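Inspection log for the structure reproduced underneath, given as structure tokens.
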Protein chains: 2
Amino acid sequence: MSSTIPTLGFAILSVLARADSTGYEIAGRMRNPVARFWTASHSQIHADLRRLLDSGLVGYTTAPGPGPQEKKIYSITAEGLDALREWVTEPPRPQPERDELVLKTYAAWLADPAALIAMFRTALREHEGRLAEYEAAWASVEEEAPAFGTSRFGNMAALRCGLTYERHRADWCRWMIDQLSSSLKPS
Amino acid sequence: MSSTIPTLGFAILSVLARADSTGYEIAGRMRNPVARFWTASHSQIHADLRRLLDSGLVGYTTAPGPGPQEKKIYSITAEGLDALREWVTEPPRPQPERDELVLKTYAAWLADPAALIAMFRTALREHEGRLAEYEAAWASVEEEAPAFGTSRFGNMAALRCGLTYERHRADWCRWMIDQLSSSLKPS
DNA sequence: CTTCACTATGTCAGTTCTTACATAGATGTA
DNA sequence: TACATCTATGTAAGAACTGACATAGTGAAG
């Protein structure tokens, strides 16, 4: 019957529930710090928007665009909002856990400690950078204390996860660097 | 030229660097707590083993198997070990961050708080379960203090990441439940 | 004045991966 | 005895996704 909507479809609906957007804007919003947890290329977003449109979960109005095509401003429909609301509380299906840095760590015993330290230092810098970003955003969102029922609540909750994730990650990288350093000078 | 090896290929090599295994066993080992960070279905593993074989990174010997085909015991070759060693310290490419629970959180403001609390309680129980598993494994690995250069070091380092990840996750779930609870009784 | 980045849509080829199917012996359970 | 589960390999269809290509206006930097 109704073709199942992939998770990316719900990610798109989640963005449109906040503001009407073009496909291009949706891709941009999903690259934004507080919504970085389900990204996709614009080509895939266009494909999925088409499917959501066929299912009646989104609609659009056109406006003159920069390229040869007209620009399409998508918005979520009542049916789309219903589908999104229903999906939100369904238990998330177990995901394939995939983490390249941890995989490399699993095989780290084969490699050169000094090179590994360099790699983890780079990773640490990235995590610390994002952590600083998130902490700045957190300061302003905590002050505001957004109420449940507003989209700001969703932003805050997702941001909180990103914040503690980066903290955990940075801590782990520091621990790795420590371990690898002490393996260099066994003294 | 030399066809690029997908990340799953290196995950397979990482397992074979520890012990010779059949394709079936590789899938099982990747479902094991300390190597849960790059899982795949056996059909994909068979496909990738074929490619690794064509590239000369693995070899195999046969033994009588249960089914109609013979069982193949794969082992990593010297070339495979070289390729793995080289890959380990290359900077990991930025991955698509995908997390269904956080996506649902991002859209949580649209849903029923009570249903959300139930969902997060389920997630919390899962994280706490894995945390207990990891903590038990950690106790024994810490005692042993495996040296760099042995595969146990890789196990320990990956386990450490899993441990602090589950801790962060469980903390966040508890925070979410708190937030949602206080939105129910505004007192 | 040229070049680059940004906005904006879309196609297409190819890769990665999942799910279901197919086969079949051994082992344990009801 | 019957049935499920584990071991073990593989195929095949299709979903999901990436990256390159194609087009084209605006605005900023050099």
Side-chain angles (χ1 to χ4, degrees), chain A residues 2-12 15-16 19-32 37-55 58 60-74 93-100 103, chain B residues 2-12 15 20-32 37-55 58 60-74 93-100 103:
Chain A
S2 82
S3 58
T4 40
I5 301 154
T7 308
L8 178 56
F10 290 107
I12 292 169
V15 169
L16 290 179
D20 297 354
S21 314
T22 65
Y24 181 85
E25 281 173 330
I26 292 168
R29 299 234 162 92
M30 297 198 329
R31 259 179 275 117
N32 163 293
F37 38 81
W38 208 281
T39 53
S41 58
H42 78 268
S43 54
Q44 188 61 24
I45 287 166
H46 281 304
D48 274 40
L49 275 170
R50 180 60 179 272
R51 272 193 283 179
L52 292 170
L53 193 65
D54 293 342
S55 312
V58 303
Y60 69 86
T61 54
T62 55
Q69 279 97 5
E70 289 217 290
K71 130 171 145 172
K72 293 174 181 172
I73 299 150
Y74 288 91
R93 25 173 229 178
Q95 279 183 242
E97 294 173 63
R98 264 159 209 178
D99 192 321
E100 208 173 299
L103 177 55
Chain B
S2 82
S3 57
T4 41
I5 300 155
T7 308
L8 178 57
F10 290 107
I12 292 169
V15 170
D20 296 354
S21 315
T22 65
Y24 181 85
E25 281 174 330
I26 293 169
R29 299 235 161 91
M30 297 199 329
R31 260 179 273 116
N32 163 294
F37 38 81
W38 207 282
T39 54
S41 57
H42 77 268
S43 54
Q44 188 60 24
I45 287 166
H46 281 304
D48 274 41
L49 275 171
R50 180 61 179 271
R51 274 194 281 178
L52 291 171
L53 193 65
D54 292 343
S55 313
V58 302
Y60 68 86
T61 54
T62 55
Q69 279 97 6
E70 290 217 289
K71 130 173 149 172
K72 291 174 181 171
I73 298 150
Y74 288 91
R93 22 173 232 181
Q95 278 182 242
E97 294 174 63
R98 265 159 208 180
D99 193 321
E100 208 173 299
L103 178 55

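Values in this document were obtained by computation on a predicted structure and should not be read as measured data. Computation of the quantities below employed the complete heavy-atom set of this structure, encompassing side-chain atoms and omitting hydrogens, waters and symmetry-equivalent molecules.
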- Query: Which nucleotide span of DNA chain D, 5' end to 3' end, has atoms closer than 4.0 Å to non-hydrogen atoms of chain B?
  - Reply: dC6(D) to dT18(D)
Rounded to the nearest Å, what distance is computed from the [atom1] atom of residue [X] to the [atom2] atom of nucleotide [N]?
X: Leu53(A); N: dG10(C); atom1: CG; atom2: C1'; result: 15 Å
X: Tyr24(B); N: dA24(C); atom1: OH; atom2: P; result: 18 Å
X: Glu25(A); N: dC6(C); atom1: CD; atom2: C1'; result: 12 Å

- Task: State which residue, out of Gln44(B), His46(B), Arg50(B), fulfils the side chain to side chain contact (heavy atoms under 4.5 Å, CB included) condition with Asp48(B).
- Result: Gln44(B)
Nearest 0.5 Å please: distance from the [atom1] atom of [X] over to the [atom2] atom of [Y].
X: Leu16(A); Y: Arg29(A); atom1: CG; atom2: CZ; value: 9.0 Å
X: Ile26(B); Y: Tyr74(B); atom1: CD1; atom2: OH; value: 8.0 Å
X: Thr39(A); Y: Arg98(B); atom1: OG1; atom2: CZ; value: 5.5 Å
X: Leu49(A); Y: Ile12(A); atom1: CG; atom2: CD1; value: 4.5 Å
X: Glu25(B); Y: Asp20(B); atom1: CD; atom2: CG; value: 9.5 Å
X: Phe10(B); Y: Leu103(A); atom1: CZ; atom2: CG; value: 9.5 Å

- Message: Check this one for me: any side-chain N or O of Thr22(A) less than 4.0 Å away from OP1 or OP2 of dT9(C)?
- Response: yes
- Query: What pair of heavy atoms forms the shortest contact from Leu52(A) to Gly9(A), and how long is it?
  - Reply: CD1-O, 3.8 Å
- Message: Each nucleotide in nucleotides 13-19 of chain C should get exactly one letter: B, S or -. Can you fill that in based on protein heavy atoms under 4.0 Å?
- Response: ---SBBB
- Message: At 10 degrees resolution, what angle do the end axes of the helix from dC1(C)-dG30(D) to dA30(C)-dT1(D) form when each is taken over five base pairs?
- Response: 30°
- Check: Ala19(A) main-chain N/O paired with Ser21(A) side-chain donor or acceptor under 3.5 Å: yes
- Query: Which residue lies toward the 5' end of DNA chain D, Pro68(A) or Glu70(B), if each is placed at its nearest nucleotide?
  - Reply: Glu70(B)
- May I have the step-by-step check of side chain to side chain contact (heavy atoms under 4.5 Å, CB included) for Phe37(B) and Glu100(A), ending in yes or no? CA-CA 8 Å; Phe37(B) 38 81; Glu100(A) 208 173 299; over 6 Å; no
- Hey, mind stepping through Asp54(A) and Arg51(A) against salt bridge (Lys or Arg N to Asp or Glu O under 4.0 Å) and telling me if it holds? CA-CA 5 Å; Asp54(A) 293 342; Arg51(A) 272 193 283 179; over 6 Å; no
